[in-house]
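In what follows, chains are A, B, ... by sequence order, proteins preceding strands, each numbered from 1. Hydrogens, waters and symmetry mates are skipped; everything else that's a heavy atom, side chains included, is used. This structure is a prediction, so every number in the text was calculated from the model and none was measured.
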Amino acid sequence: MPERALAAQEPGYRHEDPPLPHLWNGEGEAGSESEGGSRPEGGHLFRVADSDVHASALPPHQRPPHEPRAWRRGAGAGRRHRAVHRGRALRPTQGEGRGIGAGLTVDERAARLQRLGELREGRLPLYGNRFRPTHSIPDVIRDFGPRTSEELEKADGSLKIAGRVLTLRSFGKAIFAHLLGGGAKLQVYFRRDAMGEQGFAQTRWLDTGDWVGAEGRLFRTRTGELTLAVESFQILTKCLRPMPEKWHGLADVELRYRQRYLDLIVNPEVRRMVEVRQKVLAGIRRFLTDRGYVEVETPLMQPLAGGASARPFVTHHNTLDMRLFLRIAPELYLKRLVAGGLERVFEIGRNFRNEGISTRHNPEFTMLEFYQSFATYEDLMDLTEALIGEVAKESVGGHRVTFGEGELDLTPPWPRLTLAESLVRVGGLPEENVGDPDRLQRLAVERGLKLDALEGTGGPGALQMALFEELVEPKLVRPTFITRYPIEVSPLARRNDEDPSVVDRFELFIAGQEIANAFSELNDPIDQRRRFEEQVRHRREEEREWAAVDEDFLTALEIGMPPAAGEGIGIDRLVMLLTGSASIRDVILFPLLRPPKVDAT
RNA sequence: GAGGCUGUAGCUCAGUCGGUAGAGCAUCUGCCUUUUAAGCAGGUGGCCGCGAGUUCGAUUCUCGCCAGCCUCACCA
């Protein structure tokens, strides 16, 4: 998997990562010297507090809860073993929700809750917020990772770190653990001789998944791993649910999407994706604002859903008693702003399209749209090469990205083909067929293309598009601009001056996917009105009763929009490309899923 | 919306040519002071997705439903 490969490059995950996440470990930390010493057969303890003896006399499932007091008795007396509480650990709890930790009977959660209760009883600062790490775990690795054992020994002063316990390997009087913090892992070493009995005794309340703060000094183990020798520590937050399996992790994609918090802990590539995505967004903002673009926000709730051909989501405002649509595109609002004299504007935001779901489609998705006055679609091709080139460098460090089995090179410049050229040169159609509707029709039928696309608006344009999508698009792996689209599929784009059957438009394809769509904007209000009315007539035939002409937008054009070019770039797909993700759900933290079935309780 | 595949312990997965189920990890118990998928020993844990049908008997066969994934359609 490419994600794994990416993740493996991270410093925190450096040491011999297995093919799957390398987590979870461990024996529970059997708390060594139990007060009761050896146990009689059957696993029940006798020499414990009175209440415990009492409880132990009952079968496990009937034992009442009790309140251990051992902690108050100080270090010596406090050295109680978990066996003491075995009875309670077996209490069933009700299933709560689904997924990890739900529906257990003999329950890990009960055991963890019990430890939580004991910590409370001991008046330890659980859920406290006064622990202040001196170093993040990535800091520690960066600053001390290169140092030798001798250098680490000479360094004076201890440091404080915080993280989540990923693995626990207990040897009775010593425990190794890995803490995860800031996306990196650091081993910590609890040793009774170094911590004192009282300090070490606290480790028996430790579970995988807990957040802990630890203070100590760095050293290297026999195997050379940088490790914090803990002098003292505290449990900051208890984890009450079982963690995913340490070796295979959380593989069930449904659980990964539904419980992204677990996915983030266990699968490093998720965090990596979040970081890449953030850099992409920041990089785009910087790139455009450096060039005089102004970032704006336009309505997500719109009385008319325009700017694209998708079906909208419908909602309702109570006080105004008004039907509203979640926007399917910001286009018509951004162009109003261009008409108002904001000569360069952009918006990065969510669009909502009430269409099918697939590996490339989520009902809500993020798009960049930008408009530049006094520019043409050709200018935007240059701009797009520079933008995506820079963003790739900033987010993943170069122009080469892993993609499927291989690698993809994004180094500009990229080839530019007209749609007709691409049909011949990429799609392999005989040249003389491309302009001939009858021959195109015949070819389309021969190849069994969908007939609804062949009807509809008809004409050679729609046929060319159908053939393009079938024959050319999947082959456009390296970045390629396709220009000169038929006018009937481009209702908002400006007509080409030489050939009125096509528009001044390009789409950018990478890895067989449409990444960007741009055109010189139509700013002739008469032509625009005619095309809108044509479009609405078609929509109504398709029983899209909400289709309507946006009169206010036409008014803006009548006020006058300067000549301009505009472009939309799908952010999710760009991030997919840069992270080598096969599904859009892997780059959206909470993709839309049906709600999980709730068991009647 | 159509087709295909999948659903078994908290997690990752076997399995049952129809006789109500196993492993590893986790959890619980005992031992273990440089481990790292730690180790050794002993336990707990399952409406086998849900419902119906066939059958003496269904987790297994059939049908329906639910959820997920993949392909296609709509769409970007």
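Nearest nucleotide to the A/Thr221 side chain, out of B/C74, B/U35, B/U33: B/U35. The nucleotide whose nearest atom lies closest to any side-chain atom of A/Ala308 is, among B/C74, B/C11, B/A76, B/A76. For A/Phe176, the listed nucleotide lying nearest its side chain is B/U34; candidates were B/C28, B/U34, B/U33. Among the nucleotides B/U33, B/A76, B/U12, the one closest to the side chain of A/Ser309 is B/A76. Here the side chain of A/Asp252 is nearest to one of B/U35, B/U12, B/C28, namely B/U12. Residue A/Arg258 places its side chain closer to B/G68 than to any other of B/U34, B/G68, B/C11. When distances are taken from the side chain of A/Arg191 to each of B/U33, B/C28, B/G10, the shortest belongs to B/U33. Listed nucleotides B/A26, B/A76, B/C74 differ in distance to A/Arg573; the shortest reach to its side chain belongs to B/A76. Among the nucleotides B/C32, B/A37, B/C69, the one closest to any side-chain atom of A/Phe171 is B/C32. The side chain of A/Glu225 lies closest to B/U35 when the candidates are B/C74, B/U33, B/U35.
When the P atom is compared between B/G15 and B/G7, the two are found 10 Å apart, to the nearest whole Å. Taking atom C1' in both B/C17 and B/C13, the straight-line distance is 22 Å, to the nearest Å. If you take atom C1' in B/G4 and the same atom in B/G43, they sit 43 Å apart, rounded to whole Å. Using C1' as the reference atom, B/U20 and B/U35 are 42 Å apart when rounded to the nearest Å. Here, B/G53 and B/C40 have their P atoms 49 Å apart, quoted to the whole Å. Distance check on atom C1': B/C32 versus B/A41 gives 12 Å, rounded to whole Å. B/A37 and B/U8 have their C1' atoms separated by 24 Å, given to the nearest Å. For the P atoms, the distance from B/U12 to B/C69 is 15 Å, rounded to whole Å.
Heavy atoms of A/Phe365 sit under 4.0 angstrom from at least one base atom. Across all strands shown, A/Gly356 has heavy atoms under 4.0 Å from base atoms, whether or not it also approaches the sugar-phosphate. Among the protein residues, A/Leu593 comes within range of the sugar-phosphate backbone only, with heavy atoms under 4.0 Å from sugar or phosphate atoms but none that close to a base.
To the nearest angstrom, P of B/C74 lies 16 Å from NE2 of A/His538. For the pair A/Phe519 CZ and B/A76 C1', the computed distance is 13 Å after rounding to whole Å. A straight line from CZ of A/Phe313 to P of B/C74 spans 18 Å, rounded to a whole angstrom. Between the C1' atom of B/C28 and the CZ atom of A/Arg112 lies a distance of 13 Å, rounded to the nearest Å. As rounded to whole Å, 15 Å separates atom C1' of B/U27 from atom CZ of A/Arg241. Atom CD in A/Gln259 sits roughly 8 Å away from atom P in B/C11 (whole-Å rounding).
Contact check for A/Phe509 versus A/Glu473: side-chain heavy atoms found under the 4.5 Å cut-off. Proximity of A/Val212 to A/Arg164: side-chain heavy atoms (C-beta onward) are nowhere separated by under 4.5 Å.
In this structure, A/Arg277 contributes its side chain and A/Val587 its backbone to a donor-acceptor pair below 3.5 Å. The backbone N or O of A/Ala493 lies less than 3.5 Å from no partner atom in the side chain of A/Ser490, so there is not a single donor-acceptor pair. Proximity of a side-chain donor or acceptor of A/Asp210 to a complementary backbone N or O of A/Lys238 within less than 3.5 Å is not detected. Listed for the A/Ser581 side chain is no donor-acceptor partner under 3.5 Å among the backbone atoms of A/Ser583. Within the 3.5 Å criterion, the main-chain N or O of A/Arg350 finds a donor-acceptor partner in the side chain of A/Arg327.
With hydrogens and angles left out, the side chain of A/Arg169 and the base of B/U35 share a donor-acceptor pair within 3.5 Å. Scanning atom types as modelled, one donor and one acceptor separated by under 3.5 angstrom connect the side chain of A/Gln187 and the base of B/U35.
A/Ile265 and A/Leu166 get closest at one heavy-atom pair: CG2-CD2, 3.9 Å. Contact record, A/Ala329 with A/Glu369: CB-OE2, 4.1 Å, taken as the closest heavy-atom pair.
Within the structure, a side-chain polar atom (N or O) of A/Arg594 is placed less than 4.0 Å from OP1 or OP2 of B/G68. A close approach under 4.0 Å does occur between a side-chain nitrogen or oxygen of A/Arg222 and OP1 or OP2 of B/U35.
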Review item, nucleotides 70-72 of chain B N/O atoms under 3.5 Å of protein N/O:
unit_1: B/C70; atom_1: OP2; unit_2: A/Arg585; atom_2: NH1; d: 3.0
unit_1: B/C70; atom_1: OP2; unit_2: A/Arg585; atom_2: NH2; d: 3.3

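Remark: RNA chain B takes part in the stems B:1-7 with B:66-72, B:10-13 with B:22-25, B:27-31 with B:39-43, B:49-53 with B:61-65, each of 3 or more antiparallel Watson-Crick or G-U pairs, criterion distances under 3.5 Å.
A donor-acceptor pair shorter than 3.5 Å can be found between the side chains of A/His178 and A/Glu225.
Between A/Tyr189 and A/Phe219, the ring planes are tilted. Angles from 30° to 60° get that label.
Applying the ring-ring contact (aromatic ring centres under 6.0 Å, His included) test to A/Tyr377 and every residue at least two apart in sequence or in another chain returns nothing.
The residue among A/Asn354 and A/Asp193 whose nearest nucleotide of RNA chain B is located toward the 5' end is A/Asp193.
Residue A/Trp247 and nucleotide B/G24 are not classified as a stacked aromatic pair, given the requirement of ring centres less than 5.5 Å apart at an interplanar angle below 30°.
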